[in-house]
Amino acid sequence: MTSPVEARRPPVRTGGRDHAVWFLVLPALIPILVLSVGPLLYGVLLSFTDAQSGRTAPTRWIGALNFQDLLHDTLFWESFRIGLLWAIGVTVPQFLLALGLALLLDQDLRLRWLARALAIVPWAMPEVVVGIMWRLVYNPDAGILNETLRDLGLGDGRDWLSGLATALPAVVVVGIWAGMPQTTVALLAGLQNTPRELHEAAAVDGAGAWRRFRAVTWPALRPVALSITALNLIWNFNSFALVYVLTSGGPGGKTRLPMLFAYEEAFRYGQFGYAAAMGCVMVAVIAIVLAVFLAGRLKGGEDA
């Protein structure tokens, strides 16, 4: 029932405020539409055509034919499997190592500022530079890794990036090293937002380091950990520059990630429509991962 005070209150008009909000958001919204949404929609349309490079005949609409061919393309699905192995193989160790480093950098240590600065150095380096640097490390003749193994008497070394059994693990190591700083920074920020009083109270109650981590640190860190892990999975699955510089997808396609496969189809073989269909499949997979992640987050919030 409406009270007399509410009945006399004039209605709130938000039309002008809404227009002002859109006016403020528009400068940021236009680049997103032009540089992200526009190319995405164009790529979706392109996937339903037979677009090719160097072709004089007009591009034709062929419907879902590219997607039908993609279902039977064993090379693409093999690259998809390699992409999943790469994404999981990089993300899981990356998180565990970053968590340990974040816990260490959160302690009151001498020269902690210097350690924190050094920890983000790989993040500040372009992926192309990282790839070139690690190619030198893995060099079969004069690389520091093989030289160290020879000095320790552990063999004459090997060509890590050209071996069928070692190429993918070697690239995974580089991916972990290159992506660990951003995970460390995110987890360190979460640790610093944890109230110190809770740790002190748990210590007074006689809780050890492991028990304090389970009861105090991890519950506060869990939202940050879930978010950065989901983002890392997406970023790693879409990796291109680092693996391209290191191996170009070789040897024998053992490190050919889906993004590399689509790049080769588009710019080496000129099959733009087919490559666009691959991109659509990858976008769909990422959308499903995000949907599952958000559903889990919302369910967790309701349970809380």
Side-chain angles (χ1 to χ4, degrees), residues 39-40 43-44 46-47 50-54 65-94 126-140 143 145 158-180 231-289:
L40 176 62
V44 173
L46 200 65
S47 66
D50 63 348
Q52 298 178 10
S53 65
L65 185 60
N66 285 327
F67 294 94
Q68 294 176 7
D69 293 340
L70 204 58
L71 288 175
H72 302 91
D73 192 338
T74 56
L75 292 177
F76 173 73
W77 294 112
E78 176 63 17
S79 74
F80 211 88
R81 183 187 69 84
I82 294 172
L84 291 176
L85 289 176
W86 154 268
I88 296 173
V90 171
T91 301
V92 174
Q94 193 177 84
E127 286 188 320
V128 174
V129 176
V130 173
I132 295 173
M133 183 184 70
W134 277 90
R135 280 185 66 91
L136 296 175
V137 172
Y138 285 134
N139 187 279
L145 178 57
R158 59 194 309 172
D159 194 347
W160 299 93
L161 296 177
S162 298
L164 295 176
T166 59
L168 185 59
V171 174
V172 166
V173 170
V174 181
I176 294 171
W177 183 85
M180 195 171 66
L231 289 174
N232 282 339
L233 277 172
I234 294 172
W235 288 332
N236 291 326
F237 185 76
N238 286 327
S239 293
F240 173 78
L242 187 63
V243 180
Y244 182 78
V245 173
L246 285 169
T247 63
S248 298
K254 292 296 182 179
T255 61
R256 186 187 288 127
L257 305 183
M259 193 64 69
L260 276 171
F261 195 92
Y263 169 82
E264 290 180 349
E265 287 293 325
F267 299 103
R268 179 176 293 181
Y269 305 115
Q271 302 293 331
F272 293 132
Y274 194 54
M278 295 180 186
C280 289
V281 172
M282 287 184 280
V283 169
V285 170
I286 293 171
I288 292 172
V289 172

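As the structure is a computational prediction, the values presented were derived from the model and not from experiment.
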Could you pull out all residues at least two apart from Trp235 that satisfy ring pair (Phe, Tyr, Trp, His ring centres under 6.0 Å)? none
Closest non-hydrogen contact found for Gly43 with Cys280 is O-SG, 4.2 Å
Rounded to the nearest 0.5 Å, how far does CG of Leu70 lie from CG of Leu75? 11.0 Å
Closest non-hydrogen atoms of Phe67 and Ala277, given as atom of the first, atom of the second and distance, are CE2-O, 3.7 Å
Under the rule for side chain to side chain donor-acceptor pair (under 3.5 Å), what residues qualify as partners of Trp134, not counting sequence neighbours? none
Set of side chain to side chain donor-acceptor pair (under 3.5 Å) partners for Gln68, sequence neighbours left out: none
Ser162 meets the side chain to side chain donor-acceptor pair (under 3.5 Å) criterion, sequence neighbours left out, with Asp159
With sequence neighbours excluded, give me every side chain to side chain donor-acceptor pair (under 3.5 Å) pair touching residues 243-256. Thr247-Thr255, Arg256-Glu264
Inter-residue atom distance Phe272.CZ - Leu46.CG, 0.5 Å rounding: 8.5 Å
Asp73: which residues meet the side chain to side chain donor-acceptor pair (under 3.5 Å) condition with it, sequence neighbours left out? Tyr274
Determine which pairs satisfy salt bridge (charged side-chain N to carboxylate O under 4.0 Å, His left out) with at least one residue from residues 235-248, sequence neighbours left out, and list them in order. none
Tell me which donor-acceptor pairs under 3.5 Å the side chains of residues 84-93 have, and how far apart each pair is, sequence neighbours excluded?
residue, atom, partner, partner atom, Å
Trp86, NE1, Asn236, O, 2.6
Trp86, NE1, Ser239, OG, 3.4
Thr91, OG1, Ala87, O, 2.6
Thr91, OG1, Asn236, ND2, 2.8

In Å and rounded to the nearest 0.5 Å, what is the CD to CG distance from Gln94 to Asn232? 4.5 Å
Geometric class of the Trp160/Tyr138 ring pair [parallel <30°, tilted 30-60°, perpendicular >60°]: tilted
Taking side chain to side chain contact (heavy atoms under 4.5 Å, CB included) as the test, write out the residues that go with Ile82, two or more places apart. Glu78, Leu168, Leu257
Kindly give the heavy-atom pair with the smallest separation between Gly83 and Pro258, and that separation in Å. CA-CD, 3.8 Å
Nearest 0.5 Å, what's the CG-CG distance between Leu145 and Asn139? 10.5 Å
Sequence neighbours excluded and cut-off under 3.5 Å, please list the side-chain donor-acceptor pairs for residues 169-180, or say none.
none

Does any pair with a residue in residues 279-288 pass salt bridge (charged side-chain N to carboxylate O under 4.0 Å, His left out), and if so which ones, sequence neighbours excluded? none
Calculate, to the nearest 0.5 Å, the distance between atoms CG and CE belonging to Asp69 and Met278 respectively. 10.0 Å
Which pair of non-hydrogen atoms, one from Ala262 and one from Ala275, has the smallest distance, and what is that distance? O-CB, 3.5 Å
Contacts of Val128 meeting side chain to side chain contact (heavy atoms under 4.5 Å, CB included) (sequence neighbours excluded), chain-then-number -> Ile132, Val245
Ignoring hydrogens, what is the shortest heavy-atom contact between Pro251 and Ala167? Give both atom names and the distance. CD-CB, 3.3 Å
